[in-house]
Structure formats: structure tokens, C-alpha cells
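Notes follow once the structure below has been shown.
By convention in this document, chain letters (A, B, ...) are assigned in the order of the sequence lines, proteins followed by strands, and residues within each chain are numbered from 1. Computed over heavy atoms, backbone and side chain alike; hydrogens, waters and symmetry mates excluded.
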Amino acid sequence: MPSSQKNVKPWFAVREPLSQKRATCLTFLSFLMPILIWSAFSYLPFLWHPKVEITQPGSVTWLQPGTLIDKAIFKEQQILAEKNNTALPEGKPANPVYLPAPHEVVVAFYTAFTTEPKRRSEQWLHESLWHSVTIVFWGFFISTLIGVPLGILCGTYSVFNKLFEPFIEFFRYLPAPAFGALAVAILGIYDGPKIAIIFIGTFFQQVLVVANTTRKLDIALLEAALTLGAKNINLLFRVVIPGILPNLFKDLRILLGWAWTYLIVAELIGTSSGITWFITQQARYKNFENVFAAIIMIGIIGLLSDLILATMGKRLFAWENSRGKIA
Amino acid sequence: MSTFSKMIPSFIAQKVAPVLFGLTAVLSLNAQAKEPLKIGYSDWPGWVAWEVAIEKQWFKEAGVDVKFEWFDYLASMDAYAAGQLDAVAMTNGDMLVTGSSGAKSVAIIINDFSNGNDMIVAKPGITKVEQLKGKKIGVEIGFVGHLLLLNALEKVGLKESDVTLINVPTNETAQVLASGDVDAIVAWQPNSGQALEQVAGSTAIYSSADEPGLIYDVLAVSPSSLASRKDEWKKVAQVWYKTVDYINDPKTQPDALKIMSARVGLKPAQYAPLLKGTKLVSLDEAKTIFKKTDTFSSLYGSSKASDDFNIKYKVYSQPEVLDTYIDSSITDSL
């Protein structure tokens with residue numbers, strides 16, 4: 001690059017990595033945008049706000065301070081009161097109860113963790129959350145224990161491919177929650193059926209994804225190894241597995257996210273437990289700020305675990321990143 | 001690394017083994033008699049009431065080993081039907097439905113009857129059941145709300161064909177009424193209360209308080225558990241009626257409300273109206289309700305009405321033998 005040219009890279013360059021500063025800036029923005037939109041809808045009274053929150057019922061007997069009613073009905077009542085020359089009801093624009101404002105959710109987030117358990121059998125929220133994390137972990141762990149070896153075999157040998165994949169292809173279309181009642185009948189009402197649902201939701205996809213990754217391994221590597229006299233077991237452990245390891249790690253990161261998405265349905269099966277118990281109970285009584293807070297908690301846990309895994313991946317497979325790929 | 005390898009054997013013992021050998025575990029479980037009585041309950045004031053006895057440790061006091069498991073209502077019936085529970089809290093109508101598909105049970109305790117919590121909520125302008133003629137009504141067809149609606153229509157000489165029924169899941173009724181697509185909805189608390197709150201000017205034109213006993217809530221025990229451990233169930237019944245007295249006594253009610261509201265995540269003041277719409281029955285009242293008559297003031301009469309309703313709407317095809325579902329002997333002996 002001639003030094004006379006201005007050293008400013010264009011923002012829109014196909015498959016060119018951005019500078020560190022720009023990348024950080026955009027990451028920040030990707031979170032800021034939804035929060036700004038949410039704040040706008042919550043705090044700007046002229047934006048949306050289809051309801052009216054009554055502050056002064058005036059002469060309208062059936063209204064109470066704090067009631068939410070439709071704008072149209074509120075106007076009707078105002079006109080009616082005006083006609084009859086009675087006290088006007090007063091109110092301010094409000095959103096429906098299912099859209100709490102950001103600050104309400106922040107408060108709910110904080111109080112959810114600081115509220116002491118009131119009953120003997122109740123848990124702190126972080127204990128419930130931890131319980132959910134363990135459910136996901138075991139479901140994913142058991143699935144990986146069987147799914148990864150099976151996937152590698154299917155991707156390497158046609159025998160295993162033809163023996164297992166057709167059935168797995170069939171089974172992966174069956175919705176995991178459909179096995180809920182069956183899982184309870186076999187595994188009881190506690191963690192067993194919940195772990196089983198996460199397993200069913202993850203395992204079949206996992207085998208196929210891993211098999212596919214294995215198949216993508218450069219054939220030249222295998223040919224070279226064969227030429228040099230590598231035999232089955234050696235080939236598998238010294239060529240195939242090391243060859244796919246970086247991509248396998250990426251697959252597992254994605255599949256872990258997949259396992260998380262089954263958490264809520266899994267925890268609805270059997271006894272109510274974990275973060276799902278908190279979410280469903282709060283939703284039933286329309287405490288949506290708590291529901292939002294809990295959803296955000298799950299998001300944070302997911303994001304953090306993914307960040308940790310991504311950093312681990314960079315350390316473990318340093319040679320992958322040196323190729324200048326977009327992470 | 002070493003901690004991880006230490007984890008593996010315990011992992012196999014705790015997690016993998018039950019997953020792989022769950023079936024054998026369940027089979028062998030049936031052979032053990034020392035297990036606590038396992039009871040499933042869910043979010044309804046008459047069942048949240050158990051929480052008072054649990055919190056006060058009255059079961060321990062009475063010398064009976066019970067374990068209460070909290071479920072979503074449908075999940076609790078599934079778990080009972082799968083043979084995972086000794087007893088479950090159900091309505092008498094659902095007890096028949098669950099029994100018709102194989103999981104029989106026996107009602108030994110009457111918890112409560114709905115006394116206003118189930119309502120028909122109509123939009124502004126409709127104040128009487130008679131006015132429903134020709135109107136659209138949102139209701140979960142084939143469930144207790146439907147039964148309540150038919151009961152209301154019958155009382156004013158209307159037939160089901162005089163109104164248009166729209167099938168709406170009960171937990172969406174409030175939004176459906178607010179949308180204006182229907183003229184009235186049928187729901188129970190907390191959904192009925194939300195409908196009243198969300199649709200300003202709407203009124204409850206009929207409620208379960210107008211026909212007490214249409215829906216009873218009971219403790220439905222598995223026949224085999226009842227036969228083999230009747231003494232223990234008797235102690236459970238004793239604790240229950242003690243709990244009812246504690247909740248109904250104005251002096252101790254605030255304390256009870258505190259415990260119950262904590263179970264569902266509400267404030268005591270928010271829970272008070274829900275409790276009011278539920279009539280918890282005392283021991284003497286329960287004895288009367290267990291007497292066999294064909295009115296709604298008897299568990300038999302009420303269950304007969306549910307049975308007829310279930311057959312009419314093809315929930316199941318053969319009438320259930322009600323005598324096998326109701327056993328008043330424990331309550332009567334107290």
C-alpha cells in the first residue's frame with residue numbers, strides 16, 4: 001500500500017476484518033439499539049402508549065386510580081362527564097402491562113435476587129438458576145458423551161453412516177416436548193425427565209452436525225495418511241479427530257445454545273423447578289417485569305458461557321485464528 | 001482434573017444410572033413401603049392451603065411422612081396418571097376424566113368448592129344472563145367453565161344453541177374479552193379477575209357463588225395406596241381439617257395468608273380476594289357434602305353432573321361408577 005494514500009479503511013469492505021476499535025463500537029451498539037428502541041416506546045408518551053392509566057377517577061364510579069383502560073374508552077368517559085357537567089376523569093398515557101419500562105425490569109432484576117425465601121421449602125433465585133444450569137449441563141453432557149463419538153464414526157465410515165443416520169434423520173423431526181409424559185412415566189417427576197428432554201432435543205441434531213463436520217475434513221489429509229500406512233484406529237485418532245477438533249468445538253458451542261432453548265419446556269415437565277418455575281408463576285399473575293428480568297438472566301448466562309467457550313477455543317486452537325478468519 | 005475424575009463416579013450414580021435404568025428404579029420403588037406419601041398439588045387457593053400445614057410442620061407433628069410436590073395443574077395429573085404420585089389435588093370432574101383413561105382415584109378429603117372464583121364476565125352493557133341470548137361467548141369447551149355456563153343458561157331457560165360458543169383457552173380469556181371479539185367469557189381466577197380489570201365496565205353476571213358445589217376440589221388418592229396405608233391417610237386428613245380451621249379463623253387468617261401468598265409469589269393483600277372466592281370446607285361441612293344426594297350440595301350430585309357433562313361432550317363414552325371414586329369413611333371417622 002503506498003504511504004501517500006490515506007490510511008482509512010472503508011466501513012463496507014467484503015470479508016475484511018474491522019479494526020478493533022470499530023468492532024468494539026459495533027458490539028456495543030448492537031446491544032444499545034434494542035435498549036434504545038425499548039426505552040423510546042417506554043418513556044416517550046407520544047410513542048404508542050395505547051392505554052390510559054387513571055390518576056383521578058373523577059365522577060366515573062367504576063374507575064380506580066391505577067386502572068389501565070383503552071384510550072378510546074377513556075375519551076368516551078371524558079366526553080360523557082363533560083356533557084353531564086361532572087368531574088372529569090384524569091389519566092396519563094400508559095403501555096399495556098406486558099411491556100414494562102427498562103427501569104422497572106432493572107429493579108425487578110435486583111429484587112429477584114435479594115428477596116429472601118419466605119417458605120421453608122423455597123429457594124433463593126440464584127439457587128433456582130443454578131438448578132436450571134445443572135439440568136442443561138447434564139442433558140448436554142450425556143448427549144455429547146454418546147453423540148460426538150457416534151457422529152465421528154458416521155462421518156468417517158459409510159457403514160455407520162448407513163446404519164444410524166437414516167433413523168436419526170427420522171427421529172430428529174419428533175418434537176422433544178412430545179416425550180414429556182412418557183419421560184415422567186419412566187424417569188419419575190424430578191430431574192430425570194427434564195434432563196431426558198434436553199437430551200432428546202440435542203442428541204439427534206448433534207450426531208448429524210458432528211458427522212457433517214467430520215465429512216468436511218480435507219480428503220487430502222486422509223489420503224496422505226493412508227499412503228503413509230495409517231490403519232483404522234490410528235487414522236481415526238491421529239488424523240480425523242485432531243483434524244476436526246477446532247470445528248467440533250465450534251459445533252458444540254452452537255449445540256449448547258440449542259440445549260438451552262429446550263430448558264423451559266423441559267422444566268415444565270414433572271415438578272415445577274428452576275428458573276421456569278419463577279417465569280411461569282410470575283407470568284400467571286402478570287408480573288411481566290419479573291418475567292423480562294428472568295429472560296434476561298438466561299440470556300446473560302448463555303452469552304457469558306459462550307464468551308468463555310469462545311476464549312477457550314481461541315487458546316486451544318490458536319492455529320485456526322492465524323489464518324485471518326472472521327471470528 | 002482430579003476433581004473432575006472424582007466427579008465421574010458420583011455422576012454415574014446420580015444422573016446416568018437413573019436415566020438408563022429409570023424403568024427398573026420405578027418398578028423397585030413400588031416394592032418399598034417406607035417411602036413418604038407423595039402428593040401433587042398446584043396453584044389453586046384450596047390446594048395452596050396445604051402450604052400452611054407444610055410450613056407449620058403439622059405433618060411431622062401428626063407422625064406422618066408426606067412429601068408435597070408442586071406442579072402445573074396439567075403436569076400434576078400427568079404425573080399421577082403415570083403412577084408417580086400417591087395422590088393429587090384435582091377437581092371432582094377431572095378426577096372422573098383422569099379415571100376414565102385408567103388412572104382411578106378415590107376422593108377422601110374435600111378441600112373446597114369454588115365460591116365465586118369461576119365467573120361469567122360480560123362486556124359493559126350486559127348485566128344479566130338472559131341478555132346473553134344470541135351473543136358470542138368465549139369459553140374453553142369441555143372444561144369446568146363450560147359446565148358453569150350451561151348451568152347459568154339453564155337457570156334462565158336458555159339452551160346452549162341460543163348462544164355462540166367460541167373455544168378460547170382459559171388463560172387467554174381476558175385478552176379475548178378486551179379485544180371485543182366476544183360479548184362474554186367464562187374463566188376462573190386469576191383470569192376472571194384480570195378480565196374484570198382489563199375491560200373497564202365489565203361485570204361478573206354469574207359466578208360459582210350462584211351455584212355452590214358445581215365444582216369441588218378434592219384430594220384424590222390412588223386406591224392401592226389408600227388400601228395399604230389407610231392409617232397414614234387418616235392422619236393427613238386430620239392435619240387438613242386442622243389447617244382449614246386455622247385459615248378460616250379470623251385471628252390466624254393473616255398468618256395463613258402470609259404463607260399462602262408466599263407460595264404463589266403474591267402479597268398477602270393481593271391473595272385475600274382469591275381466598276374469598278374459595279370456600280374451604282370444615283370437617284362438619286365436609287361430612288355433609290359427603291352425604292349422598294343428587295343436588296350440588298353433595299359431592300355425589302356434583303360428580304353426577306360432571307359425569308353427564310363429560311359423556312355429552314364425548315370426553316369419555318361410558319358413565320363412571322361414582323361409588324368407586326368417593327370414600328367418606330376417613331372424614332366420617334374424624
Side-chain angles (χ1 to χ4, degrees), chain A residues 51-52 54 60-64 66-70 73-74 76-77 96-98 115 117-122 134-135 137-139 141-142 145 180-193 195-196 199 268-273 276-278 280-287 290, chain B residues 11 14-16 18-23 25-26 29 38 40 42-43 51 54-57 67-72 74-85 124 171 174-175 178 180 190-191 193-194 196-203 258-266 270-271 274:
Chain A
K51 301 262 174 183
V52 174
I54 303 300
V60 187
T61 48
W62 51 266
L63 289 180
Q64 274 164 15
T67 323
L68 286 181
I69 61 170
D70 281 343
I73 297 176
F74 181 73
E76 259 171 44
Q77 293 301 329
V97 61
Y98 57 77
T115 310
K118 292 192 205 84
R119 292 171 298 112
R120 221 181 288 282
S121 57
E122 204 177 345
T134 55
I135 297 277
F137 174 77
W138 289 121
F141 186 77
I142 297 170
L145 219 54
L182 185 69
V184 167
I186 299 174
L187 299 172
I189 51 178
Y190 302 110
D191 293 350
I195 294 172
F199 174 85
L268 282 176
I269 294 162
T271 55
S272 304
S273 71
T276 309
W277 139 255
F278 181 79
T280 50
Q281 196 65 29
Q282 295 302 324
R284 185 172 297 144
Y285 292 99
K286 303 278 183 277
N287 296 325
N290 287 331
Chain B
F11 158 73
Q14 283 172 16
K15 306 284 175 177
V16 178
V19 169
L20 295 180
F21 307 113
L23 195 61
V26 169
L29 220 152
K38 229 184 250 181
S42 50
D43 196 350
E51 202 64 34
I54 300 168
E55 189 66 24
K56 299 261 167 210
Q57 297 191 312
K67 206 162 173 218
F68 275 83
E69 299 294 351
W70 181 266
F71 287 90
D72 260 23
L74 283 175
S76 74
M77 290 191 287
D78 284 346
Y80 177 78
Q84 300 285 354
L85 296 170
N171 58 3
Q175 289 87 320
N191 304 296
Q194 275 150 16
L196 284 170
E197 215 170 81
Q198 280 187 22
V199 183
S202 61
T203 44
K258 212 161 72 191
I259 298 169
M260 291 169 73
S261 58
R263 170 77 259 188
V264 301
L266 287 180
Q270 291 171 302
Y271 205 71
L274 302 188

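A side-chain donor-acceptor contact under 3.5 Å links B:Q84 to the backbone of A:V184.
Judged purely by distance below 3.5 Å, without hydrogens or angles, the side chains of A:N290 and A:Q281 never pair a donor atom with an acceptor atom.
For a residue to count as touching a neighbouring chain, one of its non-hydrogen atoms must lie under 4.5 Å from one of that chain's; by this rule B:E51 touches chain A with the side chain only. Residue A:L182 does not touch chain B at all, counting heavy-atom pairs closer than 4.5 Å. Of the two parts of B:A79, the backbone and the side chain both hold a non-hydrogen atom closer than 4.5 Å to a non-hydrogen atom of chain A. Interface remark: B:L196 contributes no atoms to any contact with chain A (heavy atom separation under 4.5 Å). In this structure, chain B has no heavy atom under 4.5 Å from any part of A:F199.
Contact count versus chain A (heavy atoms, under 4.5 Å) is highest, among B:R263, B:Q270, B:E197, for B:R263. Ranked by heavy-atom pairs under 4.5 Å with chain A, the list B:I54, B:L85, B:V264 is led by B:V264.
Residues B:W70 and A:T271 have side chains not in contact (no heavy-atom distance under 4.5 Å, counting atoms from C-beta outward). Contact annotation: the side chain of B:P124 approaches that of B:V199 to within less than 4.5 Å [non-hydrogen atoms, C-beta and beyond]. Using a 4.5 Å heavy-atom threshold, the side chains of B:M260 and B:L274 count as separate. Inter-residue side-chain proximity for A:T134 and A:F141 is flagged as unmet; no heavy-atom pair is nearer than 4.5 Å.
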